[in-house]
Structure formats: structure tokens, C-alpha cells
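I have placed the structure first, in the form of C-alpha cells, so that the comments after it can refer back to it.
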There are 2 protein chains.
Amino acid sequence: MIDQTELIFNPIKSRRTFEEVSNEIKRLIFQGILKPGDRLPSESELARRFSVGRQTIREGLRLLELSGFITVQKGSTGGSLIRDTILNRISGLFLDAIQMKNISVDELTLARVEIERVVLNHTIKNIEDLDLKNLQENILQAKKMVENHIPAFDQNIQFHKLLAKASKNPVFVIVVEAIMAVVAHFLSGYEKDVEGSRKVALLHQDIVNAIIEGNRDEAIRLLEEDLQQLKRVL
Amino acid sequence: MIDQTELIFNPIKSRRTFEEVSNEIKRLIFQGILKPGDRLPSESELARRFSVGRQTIREGLRLLELSGFITVQKGSTGGSLIRDTILNRISGLFLDAIQMKNISVDELTLARVEIERVVLNHTIKNIEDLDLKNLQENILQAKKMVENHIPAFDQNIQFHKLLAKASKNPVFVIVVEAIMAVVAHFLSGYEKDVEGSRKVALLHQDIVNAIIEGNRDEAIRLLEEDLQQLKRVL
DNA sequence: TCACATTTGTCCGTATGTATC
DNA sequence: AGATACATACGGACAAATGTG
């Protein structure tokens with residue numbers, strides 16, 4: 001018979017001190033004691049407060065930085081700043097996984113179509129005026145850039161993130177954010193394709209129009225056309 | 001007018017040496033020169049080869065470790081081992097994001113239902129005999145455990161990962177893997193619910209049967225019942 | 001059982017680069 | 001331009017863990 005108390009009490013000291021440093025600071029963030037925008041004490045000060053060496057603090061900060069909880073800046077007013085999102089870090093790891101598994105454009109596009117389709121269904125259901133305004137603003141920016149013969153790469157990727165955000169489900173936001181990081185990576189070799197950017201911006205405009213008109217099937221059809229267009233480019 | 005050459009050429013040297021160390025080793029992994037199971041040279045040896053200090057090497061290794069590329073062990077036969085997957089790290093970060101955003105069980109379940117539904121469609125289309133064998137084996141294990149009054153949480157979570165794997169799309173695998181990490185986290189307080197495990201195992205059996213019979217609608221209906229069952233527990 | 005070598009973990013002192021005032 | 005505060009980086013040292021003879 002297993003002594004169940006063994007399952008209840010976790011070891012207090014993890015094997016490595018720098019992990020404790022990271023976890024302790026993470027705890028303060030989760031509890032809201034440290035908020036986005038706050039600055040951590042300097043490395044020396046942290047070392048003094050935790051009673052550990054600076055190297056240990058630094059390795060703990062590396063963990064927090066890679067996890068997206070802080071950014072670190074040099075200089076006299078530098079230091080570790082608490083950030084408000086760890087989404088970009090998830091995207092980075094997602095990208096690593098895709099590269100490691102040699103995932104193809106076809107596989108990515110297939111998954112994108114399926115996932116963004118269901119997200120769009122919820123977006124149509126839950127979209128609010130502010131979301132529409134953001135989408136319109138995004139398209140306007142993209143159009144201005146292509147008029148000046150500058151590709152609107154970032155804007156067109158941002159469009160899909162805005163769509164996900166309008167679904168009002170944070171899980172969708174995270175998933176789409178990760179997928180779009182991979183799309184951006186695949187696209188990074190085609191940054192001079194102004195004509196492609198123009199086509200996509202127009203498609204995005206049509207999608208928003210279809211959403212406004214409540215034409216669900218048309219919106220989804222256009223979205224799929226958008227994604228297939230990308231597949232052809234790559 | 002923006003000078004477009006600014007957009008094309010990225011800085012070759014990153015600001016910090018330890019990032020270069022991490023990127024260089026990552027490159028060797030991506031290129032297949034370093035393979036899963038291989039051991040990196042010791043920290044001192046790496047420091048010698050890269051002509052940097054050991055502290056710099058260590059911070060680079062922290063990045064690789066947290067990204068899931070290596071595991072590090074102490075001792076005479078210890079060191080840094082190349083791993084074969086970084087999926088669990090993605091799951092960890094995904095979990096961080098969910099905690100930070102205070103995502104609810106409802107929101108998670110909604111996203112799960114939508115995403116696992118489309119994944120199941122592809123699974124039904126692409127499943128092979130080996131996948132079916134793995135699923136049956138998984139259910140058998142779960143049933144054995146509940147017969148011995150042991151909850152089969154890990155098996156029941158693994159079931160969903162196996163379903164995703166059978167879809168033959170690695171993007172789906174990654175997404176479902178991340179989502180299941182969150183499910184496991186939500187479930188961690190209910191580890192003694194043997195009766196729940198039993199119900200779920202039976203549902204899983206029905207799902208596999210429906211897949212074998214090619215009854216797509218029934219399989220999806222059962223999957224949704226499975227997920228809603230979890231929502232009721234929490 | 002007992003040394004011994006190897007490797008990571010940790011600390012300290014020092015020096016340099018960098019951003020801000 | 002100079003002073004200041006901070007991260008970055010190096011080298012040396014010892015402790016702790018882990019396997020071997």
C-alpha cells in the first residue's frame with residue numbers, strides 16, 4: 001500500500017537554485033504582486049535578497065526571459081521589466097517544433113484552414129464594434145503601404161490575429177498566434193511581393209464585408225481562398 | 001521613404017554571446033549533425049571550443065534546456081543530452097499563458113470541442129491499423145487500472161494525443177499536445193475519481209468502435225460527450 | 001566499502017560595454 | 001564629456017552529485 005501522504009507533500013527545495021529563483025518570481029507575477037511594467041531589482045540586489053550568487057540569479061532570469069515573463073535591458077535605467085504577454089514565446093517554441101519536425105507548407109495550410117475556419121465561426125458570432133474598427137484600421141494600413149509599393153506583410157498576419165481575438169476565446173487567440181508565427185517564418189523569404197500583399201489586403205476587406213453582412217458562408221469561402229493563395233505563393 | 005535594404009538585412013551578430021551559443025547548437029540540431037541521444041561536450045570543453053567563459057555557456061544551455069532541446073544531468077556520466085521532442089516545453093509555456101490569462105474551464109472546453117472535432121475528422125480519414133492498435137492498447141490499460149481502483153488519468157489524456165497523432169498532421173499533434181497539458185493541469189486536483197476514469201474509458205472504447213465502423217457522426221457525438229463529461233467534473 | 005575522476009551547481013572578484021543623465 | 005548604474009562576460013574556486021575501479 002502506498003502511503004498517500006507521499007503524494008501530497010512536494011519537495012520544497014528543487015534540485016537547482018536558479019529554478020527556485022525563477023519560480024519564486026513567477027509566483028509573484030501570477031499572484032499579481034509583480035505587474036506588467038514593474039521593474040525587478042538589479043541582479044546584485046536580487047542576489048543579496050535571495051542570498052545567492054549573481055550567476056544563479058542570471059540563470060533564473062534567463063528562464064523568465066525565455067518564458068516571456070520579462071525583458072532585460074542594458075544601461076543605467078535598464079534591468080528586468082515584467083511583460084504583459086508570453087504569447088510571442090509560445091510562438092517561438094512552436095516555430096522550433098515545426099522546424100525540428102520538417103513540417104511542410106501543405107500540412108501547415110491544411111491545419112490553418114481547419115482551425116481558422118472554426119475560429120471564424122465564433123468570431124462571426126461574438127464580434128463587437130471595436131473589433132470591426134480594429135480590422136478596418138488594419139486593412140487601411142495595409143492598403144496604404146501597398147500604394148507606396150511597400151509589402152504589408154506584418155499587417156496581413158496581424159489581420160488573422162485580430163480575427164482570432166474577436167472570437168473572444170483566449171485559447172483560440174493563443175493557438176492562432178502560434179500558427180501565425182510559423183506563417184511569418186515561411187513567408188520571410190518573400191518580403192518583396194507587393195502584388196501578393198495587395199491581393200491579400202483586398203481579400204481581407206471582402207472578408208470583413210461578409211462578416212458585417214452576416215454572410216457566414218461567404219466569409220469562410222474567402223478565408224479559405226486567402227489561405228490557399230498563400231500556399232500558392234510558397 | 002523607407003530604405004528597403006533596412007528590411008532585408010538582419011544583424012548577423014546578436015547582442016548577447018549566450019544567445020549565439022544557443023543558436024549555434026540549435027543550428028547543429030536542426031541540420032541533423034547533433035541527433036537525439038547525443039551528448040554535448042562538457043561545459044568547460046564548450047567554453048574552450050567557443051572561446052567564451054563557462055558562465056556564458058551555462059546561460060546558453062539554460063535557453064536550450066527550457067526550449068526542450070536538451071536535458072542536463074550532474075555527475076561523472078552526466079552532461080547535456082539532445083532530446084527528441086520539444087513538445088512538452090510548448091505545453092509548459094501554453095500552461096503558463098493559460099494561468100496568466102485566467103482562462104476558464106468553459107473557454108477551454110469550447111476550444112477543445114471545436115479543435116478536437118476537426119482533428120477527429122482527419123483522424124477518421126487517415127487512421128491506420130497501427131494507430132487503432134495503439135488506441136485499443138491505451139483503452140485496455142485504462143480499463144485494467146480502474147478495475148484495480150486506480151484512476152487512469154494519464155491514459156485518458158494520452159488517448160486524445162493518440163487520436164491527434166492518427167490524423168497524420170503534425171500541426172494538429174502539437175496543438176492537441178499543448179491543450180492536453182492544460183487539461184491535465186485542471187484535472188490535477190481530481191486524481192482520486194476512479195468512477196470518472198471508468199466512464200471516460202468506456203466512452204473512449206465507443207469512440208474507437210465508431211471509428212472502425214466508419215460512423216463519423218457517432219464518433220464526433222461521443223467525443224463531444226467525452227469533453228462535456230470532463231467539464232461537469234470540474 | 002572506499003577513494004577517485006568527471007561534470008554540473010554555485011559563489012566571488014573583476015573587467016567591460018552600454019544606455020541615461 | 002563625464003559620471004553613474006546596470007547587464008554582460010571572464011576566470012578561479014569549491015561544493016555536490018554520480019558513476020567507476
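Order of the sequence lines sets the chain letters (A, B, ...), proteins ahead of strands, with each chain counted from 1. Computation of the quantities below employed the complete heavy-atom set of this structure, encompassing side-chain atoms and omitting hydrogens, waters and symmetry-equivalent molecules.
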What are the two closest heavy atoms between B:S91 and B:E177, and how far apart are they? OG-O, 3.5 Å
Please determine, for the side chain of A:F18, which listed nucleotide (C:dT10, C:dT20, D:dG19) has the closest atom? C:dT10
Grab the two heavy atoms, one from B:A97 and one from A:I174, that are nearest each other, plus how far apart they are. CB-CD1, 3.8 Å
When you get a sec, tell me which of C:dG9, C:dT20, D:dC6 is the closest nucleotide to the side chain of A:S76? C:dT20
Donor-acceptor pair under 3.5 Å: do we get one between B:S42's side chain and the base of C:dT7? no
More than 12 heavy atoms of other groups within 6.0 Å of A:K168 NZ: yes
All heavy atoms of B:L81 vs all of B:R39, minimum pair found to be CD2-CG, 3.7 Å
Which residues in residues 45-70 of chain B have a heavy atom closer than 4.0 Å to any atom of DNA chain C? B:R54, B:R58, B:R62
In terms of the angle between their ring planes, are B:H204 and B:F159 parallel, tilted or perpendicular, with boundaries placed at 30° and 60°? parallel
To the nearest Å, how far apart are B:L81 CG and D:dT18 P? 14 Å
Integer-rounded Å distance: C:dG9 C1' and A:R15 CZ: 9 Å
Closest to side chain of A:T77, choosing from C:dT20, D:dG19, C:dT7: C:dT20
Whole angstrom value for the distance that separates C1' of C:dT8 from CZ of A:R16: 9 Å
I need the NZ-C1' distance between B:K74 and C:dT10, as an integer number of Å. 9 Å
Candidates A:R49, A:R54, A:R58 - the one meeting salt bridge (charged side-chain N to carboxylate O under 4.0 Å, His left out) with A:E43: A:R58
When you measure from the side chain of B:E43, which nucleotide among C:dT7, C:dT8, D:dA7 comes out closest? C:dT8
